[in-house]
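By convention in this document, chain letters (A, B, ...) are assigned in the order of the sequence lines, proteins followed by strands, and residues within each chain are numbered from 1. In this text the structure is predicted, and so the values were computed from the model without any measurement.
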Number of protein chains: 2
Amino acid sequence: MTYSIKEVAQKTGLSIYTLRFYDQQGLLPFVQRNAAGYRAFTEGDLRLIHTICCLKNTGMKITDIRQYIDYVMAGTATIEQRRELLTAHRRKVVAKQHQIEVSLQEIDYKLATYSAPDAVAQISRKIEAALEDHQLPVKR
Amino acid sequence: MTYSIKEVAQKTGLSIYTLRFYDQQGLLPFVQRNAAGYRAFTEGDLRLIHTICCLKNTGMKITDIRQYIDYVMAGTATIEQRRELLTAHRRKVVAKQHQIEVSLQEIDYKLATYSAPDAVAQISRKIEAALEDHQLPVKR
DNA sequence: CTAAACCCTCGAGTATACTCTAGGGCAAGC
DNA sequence: GCTTGCCCTAGAGTATACTCGAGGGTTTAG
């Protein structure tokens, strides 16, 4: 049993356009075609597409995902390269997670300010301070 | 005391190009100019740019950041709108954090497979299973 | 057999966010 | 006063990732 591109779009949440685009970009070299030239996706293909989505969701670029898929297609000889690629990606993702966490805390701090009972008074004071900055002598 | 665009670029990690681009996009309406038409950034401006970076780092689009800045420039009357805008953004960021976390766990699972002592044997079995899928009769 | 609903490719178009170049003005030191 | 370094704008170019339209085959239900 295989799935049509429409069925895969529904299962994955990717659009048909995106699936064809990914195929064109070399992300889906494992997908077979039937006699009419239609893509026929297997369960195994869906698992690989799921992996592609994990990489995409964590911000990996298409060219890097293609590199990973190329390694997968090359068989067990490339397991070490795959491990290195994913480990390097993992490091970037963790760093990005940290940056998001820190930025989110600052946003939460702003939200707390906006939600405070004396929000208007607090923010008025900041505006006063900022206006003073603008009245200072300008360099040059 | 004010800062030149080059100094702000160094302090923020944004490029001079990006700062000018943000200004052009309406993200820096608070930045004053000196007699020569040069941008003169105050400490208060730097704090606002820092906020812009927090929003950008958490994936907010420039048009939405502009909306936020417009609210800020409009004064204390827009505190409620700012709160709503940041709250909505916060929800999206938390959802994205969750998606990244889940995807990262799957990547970690793959990494564990690649690092296992019998990695080659495990992956060979998966390849066998995938090849069987491809030999099944194709729909249509 | 034909209409509706699929599928295909190719190439153009869109969205987002920069990034750079050209041409020209301003400021400070020698 | 001239060179060096910094600043400006406007507009073109780049990168990334889709998204869509045109033109044309395929499949299935009636």
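- Residues from residues 49-69 of chain B placing a heavy atom under 4.0 Å of any atom in DNA chain D do not occur.
- What you find for A:I16 and A:K6 is that their closest heavy atoms are CD1-CA, 4.0 Å.
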* Asked: Run the side chain to side chain contact (heavy atoms under 4.5 Å, CB included) check on B:R66 and B:Y71 step by step: do they pass?
  -> CA-CA 9 Å; B:R66 178 165 53 207; B:Y71 284 145; over 6 Å; no
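- The existence of a salt bridge linking A:D70 and A:R82 is excluded, since no basic side-chain nitrogen approaches an acidic carboxylate oxygen closer than 4.0 Å.
- Phosphate proximity of C:dC26 to B:R33: absent, as no side-chain N or O sits under 4.0 Å from OP1 or OP2.
- B:R39 has a side-chain polar atom (N or O) that falls below the 4.0 Å cut-off from OP1 or OP2 of D:dT9.
- The nucleotide whose nearest atom lies closest to any side-chain atom of A:S15 is, among D:dT19, D:dC8, D:dG25, D:dT19.
- If you check C:dC7, C:dA27, D:dT19 against the side chain of A:F21, the one that comes closest is D:dT19.
- When the nucleotides D:dC7, C:dT21, D:dT9 are ranked by their closest atom to the side chain of B:Y17, C:dT21 comes out on top.
- Out of D:dT27, C:dC7, D:dC8, the shortest distance to the side chain of A:K6 is found at C:dC7.
- Nearest-nucleotide mapping onto DNA chain D: of B:I5 and B:Q24, the residue sitting toward the 5' end is B:I5.
- The two residues A:H89 and A:G59 have their closest heavy-atom pair at CE1-C, 4.3 Å.
- Place B:F41 and A:R20 on DNA chain D by their nearest nucleotides, and B:F41 ends up nearer the 5' end.
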* Asked: Should A:I49 and A:L14 be marked as a side chain to side chain contact (heavy atoms under 4.5 Å, CB included) after you check the CA-CA gap, both sets of side-chain angles, and the distance that decides it?
  -> CA-CA 10 Å; A:I49 291 171; A:L14 300 172; 4.2 Å; yes
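- Salt-bridge check for A:R83 with A:E80: passed, with a basic side-chain N closer than 4.0 Å to an acidic carboxylate O.
- For C:dA27, the OP1/OP2 oxygens have no side-chain nitrogen or oxygen of B:Y38 closer than 4.0 Å.
- Looking at the side chain of B:T18, the nearest of the listed nucleotides D:dC18, C:dC18, D:dC8 is C:dC18.
- Checking the phosphate oxygens (OP1, OP2) of C:dC6, no side-chain nitrogen or oxygen of A:S4 falls inside 4.0 Å.
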